Amino acid sequence: MKVNIGTYSFGGIASYLGLGPTLLDKFKTIASLGFTGVELLPVDLDNDIEDIKKWLKETGLEVVSIHAEPTEEIVKKIAELGGKAVIWAGTPFCNKAEAVEVAHKLDEMAEMAEPYGIKIGYHNHSQEFFTDEGKTLLEHPLDNSTKCYSQLDCGWAQNGGGSPPSFIRTKKGLLFGSPFCCL
């Protein structure tokens, strides 16, 4: 069974400030803990792509995705590293109408990423589990997008008043990878 984890878990916000362990150190720790794949951060791509490939080979890890806004530059780099998805932990939306606008933006991003073999996902936080018109805010973009997936963060969903098991049962075809909880 493949088990993946994000590099964020090994440096947190310090990673964005250039503090904490190097990407190679993170990879070594992740591999030593038995994980098989990683989700990168945009700051991880500040490293040379060839170095990242070398470090992945050295540690036996694979890139699964990146937690970033899906730009074409990010999509190209993650595809070059063998990743499968760009996960956007995105944008504030407060009601169904705004959520539908997000769905259209996600579809545009997905169309841009398709030629590279990359899927686009959306990572929730608490606010996406507030409700409007009888559904969670996260359900509105998923119901109005034809190409987007959810990378369900169970901890944030629970914190926002959601029921992760219920969401998983009703939206299982729209989940990218396995639901997870931030560490």
Side-chain angles (χ1 to χ4, degrees), residues 1-91 105-126 128 138 147-157 159 164 168 172 174-183:
M1 175 196 308
K2 293 183 176 189
V3 182
N4 312 313
I5 192 165
T7 59
Y8 181 86
S9 298
F10 298 89
I13 198 70
S15 297
Y16 287 105
L17 303 173
L19 305 171
T22 66
L23 185 58
L24 176 57
D25 289 338
K26 289 179 185 182
F27 283 178
K28 287 178 179 178
T29 300
I30 289 167
S32 75
L33 293 171
F35 292 98
T36 56
V38 296
E39 178 176 80
L40 300 176
L41 293 171
V43 69
D44 295 333
L45 296 180
D46 289 347
N47 293 280
D48 182 78
I49 295 293
E50 293 307 315
D51 286 339
I52 297 172
K53 287 179 181 179
K54 180 178 74 174
W55 300 335
L56 290 166
K57 186 173 183 176
E58 180 181 316
T59 57
L61 295 172
E62 67 178 344
V63 170
V64 177
S65 56
I66 187 166
H67 209 67
E69 183 171 351
T71 65
E72 191 160 10
E73 178 184 359
I74 294 282
V75 166
K76 284 179 182 179
K77 287 181 179 181
I78 204 68
E80 189 176 345
L81 291 169
K84 306 290 184 247
V86 177
I87 308 298
W88 190 29
T91 185
K105 185 169 184 165
L106 288 162
D107 279 348
E108 288 173 15
M109 293 171 171
E111 286 177 24
M112 174 271 299
E114 272 180 350
Y116 300 98
I118 300 296
K119 292 184 178 189
I120 300 299
Y122 190 88
H123 177 95
N124 66 280
H125 292 102
S126 298
E128 287 92 352
L138 183 59
K147 299 176 183 282
C148 182
Y149 294 85
S150 172
Q151 182 193 59
L152 182 66
D153 187 310
C154 296
W156 282 119
N159 186 60
I168 292 165
K172 63 183 171 194
L174 296 174
L175 297 177
F176 175 78
S178 300
F180 76 97
C181 182
C182 289
L183 298 176

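Only heavy atoms go into these numbers, but all of them, side chains included; no hydrogens, no water, no symmetry mates. Everything numeric here is computed off the predicted structure, so don't read it as measured data.
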message = If I take atom CG from residue N4 and atom CG from residue L61, how far apart are they, to the nearest 0.5 angstrom?
response = 9.0 Å
Nearest-0.5 Å distance, CD1 of residue I120 to CD of residue Q151 = 12.0 Å
Closest approach of W156 to S126 (non-hydrogen atoms, all atoms of both residues) = CE3-OG, 3.0 Å
task = Check whether more than 12 heavy atoms from other residues, nucleotides or ligands sit under 6.0 Å from atom NZ of K147, and answer yes or no.
result = yes
message = Taking side-chain contact (heavy atoms from CB on, under 4.5 Å) as the criterion, tell me which of M112, M109, K77 meets it with E72.
response = M112
ask   = Quick one: are F27 and T22 in side-chain contact, heavy atoms under 4.5 Å?
value = no
task = Grab the two heavy atoms, one from L24 and one from E58, that are nearest each other, plus how far apart they are.
result = CD1-OE2, 3.9 Å
remark   = Scanning both residues in full, the closest heavy-atom pair of C154 with P164 reads O-CG, 3.5 Å
Check: H125 main-chain N/O paired with E128 side-chain donor or acceptor under 3.5 Å = yes
Nearest-0.5 Å distance that lies between atom CG in D107 and atom CD in E111 = 6.5 Å
task = Work out which heavy atom in Y16 is nearest to a heavy atom in P42; give both atom names and the distance.
result = OH-CD, 3.7 Å
inquiry  = Before you tell me yes or no, could you show the steps for I87 and H67 under side-chain contact (heavy atoms from CB on, under 4.5 Å), namely the whole-Å CA-CA distance, both residues' side-chain angles and the distance that decides it to 0.1 Å?
reply    = CA-CA 5 Å; I87 308 298; H67 209 67; 4.0 Å; yes
request  = Please report the closest heavy-atom contact between I66 and I78, naming both atoms and the distance.
outcome  = CB-CD1, 3.7 Å
key: Residue pair I30, T59: steps toward the side-chain contact (heavy atoms from CB on, under 4.5 Å) verdict   = CA-CA 9 Å; I30 289 167; T59 57; over 6 Å; no
ask   = Side chains of E62 and L56: closer than 4.5 Å at any heavy-atom pair?
value = no
Close side-chain approach of V43 to T7, heavy-atom, < 4.5 Å = no
From CG (N47) to CD1 (I52), nearest 0.5 Å = 5.0 Å
task = Nearest 0.5 Å please: distance from the CD1 atom of I5 over to the CG atom of L33.
result = 7.5 Å
query = So how far is it from D51 CG to K54 NZ, rounded to the nearest 0.5 Å?
reply = 5.0 Å
message = Side chains of S15 and K26 only: does a donor on one sit below 3.5 Å from an acceptor on the other?
response = yes
request  = Indicate yes or no for a side-chain donor-acceptor contact from D153 to the backbone of N124 under 3.5 Å, with no hydrogens or angles considered.
outcome  = no
Least distance between heavy atoms, C148 atom then L106 atom = SG-CD1, 3.6 Å
message = Regarding E80 and K76, does a basic nitrogen lie under 4.0 Å from an acidic carboxylate oxygen?
response = no
inquiry  = Using a 3.5 Å distance criterion without hydrogens, assess whether the side chain of K84 forms a donor-acceptor pair with backbone atoms of G82.
reply    = yes
